[in-house]
Amino acid sequence: MAGGVALGVAQLAAGVMGPQTFPVVAVGDAVVDLTPAAVKEFAIRTFGENDKAVLVGGVLVVLAAVAAVLGMAARRRLAVGLAGMAAFGVIGALAVVTRPDGGLGDVLPTVIGVAAGAWALALLVRRASRPVAVGPSYVDEESGERPAATSGTGESVERPVTMRGTGEPVTFDRRRLLTGAAGGVVVAGAATVLGRQFGGREAVDAARSGVRLPQPATPAKPVPAGADLRIKGLSPFITPNRDFYRVDTALIVPRVDPRDWTLRIHGMVDRPVELSYDDLLRMPLTEADVTLTCVSNDVGGPYVGNARWLGVRMADVLREAGLRADADMLLSTSADGFTCGTPTDVVMDGRDALFAIAMNGVPLPVDHGFPVRQVVPGLYGYVSATKWVVDLKATRFDQDEAYWTPRGWAAKGPIKTQSRIDVPRSGATLKAGDTTIAGVAWAQHTGVDAVEVRVDGGPWRQARLAEVPGPDTWRQWSIDWAATPGTHKIEVRATDAAGRTQTDALAPPAPDGATGWHTITALVE
Ligand SMILES: Nc1nc2c(c(=O)[nH]1)N[C@H]1C(S)=C(S)[C@@H](COP(=O)(O)O)O[C@H]1N2
Ligand SMILES: [Mo]
């Protein structure tokens, strides 16, 4: 109970000071940062986008178990419980302070929480061991006073002891313990709920809804009518924001107020600059359809999506800042300290590499990087797509390292050509007869030139390709199939516009992206 009070009060204080100061989140974030590539992959594969809930739940379960043990120890010696509480406080405080966006003042919610927890523990332990008022020698431990003596009328007995007369030895006042515990539940619960309400959430949401998106100076190339084959179960050409995959290291997404946001451009540049959100909105905006892909995506996996982005060309900003020729890396940093290292030549070669402010016609959703994120066609997200970006340093790959590099992932991450079967779903049961196999293929900034499908190891057949506005998006494909009864293996492979056909050699996502042909089985009746 005391542990619950500590967490609830810390949550309440963190609600005022900012969610990153909640020690449970800071500890979870630290666990994420200390996670090697293999464990990250395991977590993503096993829990998918619930990985964060699982992690926070895990931290809470461990805390609850240890708190229960400490609580029992405290009944014998209060000092042991208090020491345990303090030890957790130190762990939480260390985690908060060592976060990239953490400062010494951020320990306040932890300190207040631990103080409240210690107070609750002392109070409950006293109530759990309070001797029954048995005579005039009894002294109230809380007040230090003698209770009114038991009178002959019995009326002035401070609290009735319900078990009197049963013959059982009474060791503590059960009712006082229960009311104390109930009080603890109320304090812990109310503080948690209140804490979650605060946190500047509304302010950022309001600021986001208040954003007026300017018209693009360079609108997106029109999407050809034939880009969407509109086949049931096939990924739509544009992924709606609510369906767009989310991958990041943030347990609590940074809530950045655009009025406070700035982007600092520095390092190997002649004229360092700091842009405000309004500065950015006043620059010429480019709109582009770009398919984002995560390096953690397995062959056939879900971590790929296509959206219409609106933003300022990174190259424009960098030219204005006087980017030096010998800078080969752009190290971008997010509000929560995550970093990407993006090759300079890719950003400057004329493609639609953007500081994006909008996604599919609305200001970036908070989960996808509001107010500003990077989007670079052709590179996996972990080396290019910094959400909540606040800092860009022109540097060199031989001088700096981005977040995932020391954790076992390649420093550079061009997207590997891939194709995926969306219909039928793997393991689906279909009726015999004419049916359609369909999916998407991507080779960002190169383009997809061919998709082939084969059934049960037979000859490769060319799929029909949907139209695309350019090489930076995925491309839908479909092929007819006369399904015969039985279990069938269906495979797909794409060839990019440079003539390279996907290899069948299976490689896992780490260190630089999965390879192999997406293969499904379908049962035909
Ligand atoms: N701040 C921040 N930006 C980030 C990440 C992150 O962990 N933190 N993850 C990157 C990765 S690995 C990918 S694949 C893309 C995913 O972007 P999305 O969540 O909008 O789909 O964001 C990139 N940008
Ligand atoms: Mo990713």
Side-chain angles (χ1 to χ4, degrees), residues 20 28-33 35 37 40-41 43-45 48-49 51-52 55 99-101 235 238-256 261 263 290-298 301-309 311 330-342 353-360 362-392 402-405 407-416 418 442 444 474 508-514:
Q20 75 285 356
D29 276 330
V31 171
V32 171
D33 285 356
T35 297
K40 178 209 175 206
E41 263 208 75
I44 287 191
R45 178 158 316 134
E49 297 191 16
D51 52 352
K52 297 178 173 71
L55 177 58
R99 292 279 76 218
D101 49 352
S235 305
I238 291 282
T239 313
N241 289 352
R242 65 174 180 283
D243 298 335
F244 208 95
Y245 80 93
R246 173 186 160 207
V247 169
D248 54 59
T249 60
L251 283 180
I252 302 273
V253 294
R255 292 192 168 261
V256 182
W261 178 89
L263 175 63
V290 177
T291 297
L292 228 57
T293 311
C294 183
V295 68
S296 297
N297 198 41
D298 271 313
Y303 301 130
V304 53
N306 185 47
R308 171 157 295 186
W309 309 95
L330 299 170
L331 185 71
S332 50
T333 307
S334 73
D336 65 344
F338 173 84
T339 54
C340 283
T342 313
L354 303 177
F355 291 119
I357 57 164
M359 180 178 185
N360 292 330
V362 295
L364 287 177
V366 171
D367 279 357
H368 294 288
F370 181 76
V372 181
R373 76 171 305 167
Q374 293 183 183
V375 171
V376 182
L379 301 183
Y380 286 124
Y382 83 107
V383 291
S384 68
T386 312
K387 305 192 269 189
W388 317 288
V389 64
V390 293
D391 189 287
L392 191 74
Y403 186 90
W404 283 112
T405 311
R407 291 170 174 82
W409 297 79
K412 297 188 182 175
I415 296 175
K416 297 179 181 177
Q418 268 296 335
W442 57 90
Q444 287 93 324
W474 61 13
D512 61 358

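Note that ligands are numbered from 1 as they come in the structure, with each ligand's atoms numbered from 1 the same way. Because the structure is a prediction, the values reported are computed rather than measured. No hydrogens, no waters, no symmetry mates; every other heavy atom, side chains included, goes into these values.
- Residues satisfying the side chain to side chain contact (heavy atoms under 4.5 Å, CB included) criterion with T333, sequence neighbours excluded, are T339, D391.
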Cut-off 3.5 Å, no hydrogens considered: what does the side-chain donor-acceptor table look like for residues 364-374, sequence neighbours left out?
unit_1	atom_1	unit_2	atom_2	d
R373	NH1	H368	O	3.3
R373	NH2	A385	O	3.1
Q374	NE2	S384	O	2.9

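- Under 4.0 Å from any atom of ligand 1, one finds heavy atoms of residues F244, Y245, R246, V247, D248, T249, L292, C294, S334, D336, F338, H368, R373, G381, Y382, A385, T386, K387, W388.
- Checking side-chain atoms of T342 against main-chain N and O of V383 turns up a donor-acceptor pair under 3.5 Å.
- For the pair Y382 and C340, the tightest heavy-atom approach, listed with the atom from each and the gap, is O-SG, 3.3 Å.
- Remark: R407 is positioned above the aromatic ring of Y403, its terminal NZ or CZ atom under 6.0 angstrom from the ring centre and at most 45 degrees off the axis.
- Judged as a side chain to side chain contact (heavy atoms under 4.5 Å, CB included), and not counting sequence neighbours, the contacts of V390 are W261, A335.
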